[in-house]
There are 2 protein chains.
Amino acid sequence: MSETKEKIVSLADKLIRVKGFNAFSYKDISDPLQVKNAAIHYHFPTKSDLGMEVLDKELRSLEENSAKWKKLPEDEQLIKFCGVFRKHCNNGNVCLMGSLAPDYETLSPEMQQKVQQMAATILEWMTGCLEQGRKHKRFRFKGDAGDRALLVISNLQSSLLLSRVLGPSAFNRISRQLLEDLGA
Amino acid sequence: MSETKEKIVSLADKLIRVKGFNAFSYKDISDPLQVKNAAIHYHFPTKSDLGMEVLDKELRSLEENSAKWKKLPEDEQLIKFCGVFRKHCNNGNVCLMGSLAPDYETLSPEMQQKVQQMAATILEWMTGCLEQGRKHKRFRFKGDAGDRALLVISNLQSSLLLSRVLGPSAFNRISRQLLEDLGA
DNA sequence: GTCTATATTCCGATAGAC
DNA sequence: GTCTATCGGAATATAGAC
């Protein structure tokens, strides 16, 4: 992938997280890169094509991380996962799910399906992490691991949304108590 | 408030929850009400004015509910609160915070301040409910009640976002486990 | 209070030169 | 791969008649 194309995707990712998919425009990308909007359309004919590339990049990042963390104890894996959210919080970002889920009904069918895939991938990873971690006595929690995974994911997702409105202390308080509850 | 004006606000509320604030247009309101967009602008000169009315209505609804539930045991109050979210889930809605927080940076300063106020109001109510409920032995949980309130709010908020993508089982699983954790 | 009509701006997208 | 130029459409918003 060309350098310009990578910059476009990276900027689009940032814009989705800060302004939302429907609120950013090609001008928000072409201006900082000092090109014309036609240049963006050359790389990504439609806005949906651009959104798809952002989602594909995020999915690859998820796979890379889970592979990279595979040998770590599960509690450390979860702390790494929280660290990704912490970094986004510090950068004023929300997560892609938190940004795209409210806009879901306005997205192209392709993007809807990809968002679905992303949600399923995250849920699957988190469920496995919690299940294995409990088996290895590194977590303690009641109930089904899949249900617990949904709780943890929703905590982290909304911690970034709430931090937007209430300040970054929301993320700190949520992530700290979350890990303590699990005994991590 | 005139009947038309109320219909406009009610429809705007629905549109914010389904499509997002930046994705809906005056046409989405004027068409179903069979009026022209100028009629909407007569009642609400700017889109921000309309958004403010939706937020004010939600704040009044929050105050009404908390007053109406004041005499109930705290666990029943929380179940009532979850019921509001359940209803939204069944209607394909997300909550106002879940919709407006991702768009926060694109909102007018007035709306930003009102969203902040709404978040603070919800957090305050939930903190009090949990704190009193624990004192009265109707909840059991560890740590600060304010931290726990943030966790519960983020669970409910994201349960609607995830239900958009993964289907309504996400809400059911999250709300059920959430109440069980609290011993409610 | 609602209408017609329009101003203004912006957006996504495309054609064709270079 | 990027440019100029432009199309077609949609959005918010306003002026003035009724």
Side-chain angles (χ1 to χ4, degrees), chain A residues 1-55 99-100 102-112 114-115, chain B residues 1-55 99-100 102-112 114-115:
Chain A
M1 182 147 49
S2 75
E3 196 178 335
T4 303
K5 198 169 178 180
E6 279 181 3
K7 282 183 187 169
I8 292 169
V9 176
S10 170
L11 203 41
D13 178 281
K14 176 72 178 173
L15 285 163
I16 291 174
R17 302 178 120 105
V18 172
K19 299 182 65 173
F21 186 77
N22 290 318
F24 88 85
S25 73
Y26 277 55
K27 198 172 185 301
D28 293 323
I29 296 177
S30 56
D31 277 355
L33 298 187
Q34 287 177 298
V35 293
K36 299 302 169 182
N37 75 353
I40 319 289
H41 279 286
Y42 166 78
H43 293 286
F44 303 100
T46 73
K47 202 178 179 184
S48 172
D49 294 326
L50 177 52
M52 286 296 280
E53 188 59 44
V54 170
L55 283 166
S99 174
L100 294 175
D103 296 343
Y104 191 77
E105 300 293 336
T106 73
L107 302 179
S108 67
E110 292 81 17
M111 282 189 70
Q112 288 186 340
K114 191 68 76 175
V115 169
Chain B
M1 180 147 49
S2 75
E3 197 178 334
T4 303
K5 197 169 178 179
E6 278 180 4
K7 283 184 185 169
I8 293 169
V9 176
S10 170
L11 202 43
D13 177 282
K14 176 70 178 174
L15 286 162
I16 291 173
R17 301 179 120 105
V18 173
K19 300 182 64 173
F21 187 76
N22 289 316
F24 89 85
S25 73
Y26 278 55
K27 197 169 185 302
D28 294 324
I29 295 177
S30 56
D31 276 355
L33 297 187
Q34 288 177 297
V35 293
K36 300 301 169 183
N37 73 356
I40 320 289
H41 279 286
Y42 167 78
H43 293 286
F44 302 100
T46 73
K47 202 179 178 183
S48 172
D49 294 327
L50 177 52
M52 287 296 280
E53 189 58 44
V54 171
L55 283 166
S99 173
L100 294 175
D103 296 343
Y104 191 76
E105 300 293 337
T106 74
L107 303 178
S108 68
E110 292 82 16
M111 282 189 71
Q112 289 186 339
K114 191 67 76 176
V115 170

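Chain naming here is simple, since letters A, B, ... match the order of the sequence lines and numbering starts at 1 in each.
Following rounding to the nearest Å, B/N37 (CG) and D/dA15 (P) show an atom-to-atom distance of 14 Å. For the pair A/I40 CD1 and C/dT14 C1', the interatomic distance rounds to 15 Å; values are reported in whole Å. Between the CG atom of A/L33 and the P atom of D/dC3 there is a distance of 10 Å, given to the nearest Å. Computed from coordinates, the B/D28 CG to D/dT12 P distance equals 8 Å when rounded to whole Å. Per the geometry, CD1 belonging to A/I8 stands 10 Å off C1' belonging to D/dG1, to the nearest Å. Look at NZ on A/K36: it is 16 Å from P on C/dG12, rounded to the nearest Å. Here the P atom of nucleotide D/dT12 and the CG atom of B/D49 are 13 Å apart, to the nearest Å. Whole-Å rounding puts the B/H43 NE2 to D/dA13 C1' distance at 16 Å.
Remark: A/Y42 is in phosphate contact with D/dG1, judged by side-chain N or O atoms under 4.0 Å from OP1 or OP2. OP1 or OP2 of D/dA11 lies within a sub-4.0 Å distance of a side-chain N or O belonging to B/S25. At least one side-chain nitrogen or oxygen of B/T4 sits closer than 4.0 Å to the OP1 or OP2 atom of C/dT2. The shortest distance between the side-chain N/O atoms of B/Y26 and the OP1/OP2 oxygens of D/dA13 is below 4.0 Å. For C/dG12, the OP1/OP2 oxygens have a side-chain nitrogen or oxygen of A/K47 closer than 4.0 Å. For the OP1/OP2 pair of C/dG1 and a distance below 4.0 Å, the side-chain nitrogens and oxygens of B/H41 include no atom meeting the criterion.
For the pair A/K36 and A/Y42, the cation-pi test (distance below 6.0 Å, angle within 45°) is failed.
Residue contacts for A/A39: at a heavy-atom cut-off of 4.0 Å it reaches the sugar-phosphate backbone alone, with no base atom in range. Contacts of A/Q34 with the nucleic acid, taken as non-hydrogen atoms under 4.0 Å apart, involve only primed sugar atoms and P, OP1 or OP2. Within 4.0 Å of B/F44, counting heavy atoms only, lies no atom of the nucleic acid at all.
Side chains of A/V35 and A/I29 form no contact here, defined as non-hydrogen atoms less than 4.5 Å apart. In this structure, the side chains of B/M1 and B/E53 come closer than 4.5 Å at one or more pairs of heavy atoms.
The distance from atom OG of A/S48 to atom CZ of A/F21, rounded to the nearest 0.5 Å, is 6.0 Å.
A side-chain N or O of A/T46 and one of A/D49 form a donor-acceptor pair less than 3.5 Å apart.
Of the listed nucleotides (C/dG1, C/dT14, D/dA13), D/dA13 has the atom at the smallest distance from the side chain of B/T46.
DNA chain C is contacted by both A/K27 and A/A38; A/K27 maps to the nucleotide lying nearer its 5′ end (nearest heavy atom per residue).
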